[in-house]
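Report on the following structure.
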2 protein chains.
Amino acid sequence: MSKKETSGIVQFPSEGGRASDAIVDVLQHQILSGELPHNMPLASERDLMERFAASRTVIREAVATLASRGLLDAKPRFRPIVRKPGYDTALSSVGSIVELLLEQTGGVAPLFQSRVFVERGLVRDAAVSATKGDIADLKSALRRNKDALGDSDAFYATDVAFHAVLYEIPRNPIFPTLHRAYATWLAPHWSRMLRSPERNRVNYSSHEAIYMAILERDPDVAEAELVNHLHTAWEHVRQTFDIDE
Amino acid sequence: MSKKETSGIVQFPSEGGRASDAIVDVLQHQILSGELPHNMPLASERDLMERFAASRTVIREAVATLASRGLLDAKPRFRPIVRKPGYDTALSSVGSIVELLLEQTGGVAPLFQSRVFVERGLVRDAAVSATKGDIADLKSALRRNKDALGDSDAFYATDVAFHAVLYEIPRNPIFPTLHRAYATWLAPHWSRMLRSPERNRVNYSSHEAIYMAILERDPDVAEAELVNHLHTAWEHVRQTFDIDE
DNA sequence: CGCATAGTTTGGTCATACCAAGGCTTCCAA
DNA sequence: TTGGAAGCCTTGGTATGACCAAACTATGCG
């Protein structure tokens, strides 16, 4: 027989669990260990069924499971692509649920409120402990924001980028991911909000005030400006399509 | 023909996507709308294939998808149970990925650091705006914590409960969920840490100090005590099984 | 009326087949 | 030589049908 037992051929079909679980474990380990390199297409389902001595049903279930965990990027008609997980992986895997929650449980208000909470802490910390490099980053982000005052789309982008800098300062990979989460989940509501050069100017001057407060190492002012900034923006969102709270 | 088209019989097998997606949409809508009540077992697969005029393959895929989104609780050999999603649903759906991340990318340190960040903000806010009710809750939690000083297991539970009260104060459902996330993901490391009456006493006195600072409406002291509290605990975790930073 | 038992339902898995879209090779024409 | 069209092979998506063991239900006995 030409069957090679290169990797885990599993033999506990009983044991209560699903047969695919064992295969998931093996593939997951291979992905995490780098044995299956990032961005490499997975073997074909028919290959896998030979390697694991399992039916295609089980193989497909295993692949689906790994895809739901973000370890595989499985687009409809294409080969699944190996993805080594990062914090963003976790983010994308909750995406579908969160989107449901945003139109159910209390809507976007709690999420936005949490963002205000986080950014308040961020600007306080920035005011206390931002490095020269951080401040330089903020400054250039602010500059780009100013340059985009006339173009609402560009302004929005540089607005997001300015806030993103705040999330970089803690040097904790969770925060940039969190920022992407907020940007992703709040954007649909944000972008529908009317924009105008006047609004841009107001927002820009808030950014400037926050930057100045950080520069002057004043956490209280920084926080206050941030709160004012986001609350104002929130009011606009609320009024644009009145949210009940 | 006796085929009743009670609900969405889908007829775009083409259109590029997967056939199960359409079924997922229908079922998801029925779950969210309450048409399929919470905790109700889903119809059998064979019923569903009749209702949607689809093969069992597709039905099973749809069920798997909904399960991965947390809208169905599908245990191996049992009927899937309908679950109306909440923030905790999102939490459990990221669980498997986060657990992987914790033994990879930087380990638990970033997660713990984020917890410190969050709780700093929480105690500051508590100091500023806790209601009488909040303070009463903190007080009784503190009391239970004190009563459990001699029993390390009970102490751990009341410790977690004390921190949980802080997450209740913003009246934002995201925070209690976040607390459960921290409790879940950090517990495995936490619980392996050695415990002792002395450690309990140190921790309790920190809780007391935090409570007092909140009572005195002093955010700075509250934050400082909280930071001291968590950093001390973190040092112990680090030393217990030395983490490289 | 309680409980052991037999029959039925149902989820998990396998084997097979077909289709259409993606990929690849070949080969012609500019 | 080279760009691209035609045709073949591979592969993922779906449909059937079957079988098993566990879960569920009904039955009947003590």
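Below, chain A is the first sequence line, B the second, and so on; all start at residue 1.
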Task: Comparing A/Ser20 and B/Asp47 on DNA chain C - which has the more 5′ nearest nucleotide - done: B/Asp47
- [ ] Specify the separation, in whole Å, of atom NZ of B/Lys75 and atom P of C/dG11.
- [x] 14 Å
- [ ] Return the orientation label for the B/Tyr167 and B/Phe175 ring planes: parallel under 30°, perpendicular over 60°, tilted otherwise.
- [x] tilted
Open item on the list: Less than 4.0 angstrom between a side-chain N/O of B/Arg79 and OP1 or OP2 of D/dA23, yes or no?
Closed with: no
Task: Minimum side-chain heavy-atom gap A/Asn172-B/Phe117 below 4.5 Å - done: no
Open item on the list: Tell me the interatomic distance from A/Arg60, atom CZ, to C/dT13, atom C1', rounded to whole angstroms.
Closed with: 15 Å
Distances under 3.5 Å only, N/O to N/O: pair up the protein atoms with those of nucleotides 14-20 of chain C.
unit_1	atom_1	unit_2	atom_2	d
C/dC14	OP2	A/Ser55	N	3.2
C/dC14	OP2	A/Ser55	OG	2.5
C/dC14	O5'	A/Ser55	OG	3.4

- [ ] For the pair B/His207 and B/Phe155, name the ring-plane relationship: parallel under 30°, tilted 30 to 60°, perpendicular over 60°.
- [x] parallel
TODO: Specify the separation, in whole Å, of atom CG of B/Leu72 and atom C1' of C/dG11.
DONE: 14 Å
- [ ] In whole angstrom, give the distance that lies between atom CD of B/Glu45 and atom C1' of C/dG11.
- [x] 5 Å
TODO: Please indicate whether B/Arg56 has more than 12 foreign heavy atoms, meaning atoms of other residues, nucleotides or ligands, lying under 6.0 Å from its CZ.
DONE: yes
TODO: Can you tell me the distance, in whole Å, between the CZ atom of A/Phe52 and the P atom of C/dT13?
DONE: 15 Å
Open item on the list: If I take atom CG in residue B/Leu42 and atom C1' in nucleotide C/dT10, what distance separates them, rounded to the nearest angstrom?
Closed with: 13 Å
- [ ] Considering only NZ, NE, NH1 and NH2 on the basic side and carboxylate oxygens on the acidic side, decide whether A/Asp134 and A/Arg171 come within less than 4.0 Å.
- [x] yes
Open item on the list: Is the shortest side-chain heavy-atom distance between B/Pro85 and B/Leu71 below 4.5 Å?
Closed with: yes
Task: Rounded interatomic separation in angstrom, taking CG from A/Leu48 and C1' from D/dG12 - done: 12 Å
- [ ] Take the protein atom CD1 of A/Ile81 and the nucleotide atom P of C/dG22, then report the distance between them rounded to whole Å.
- [x] 14 Å
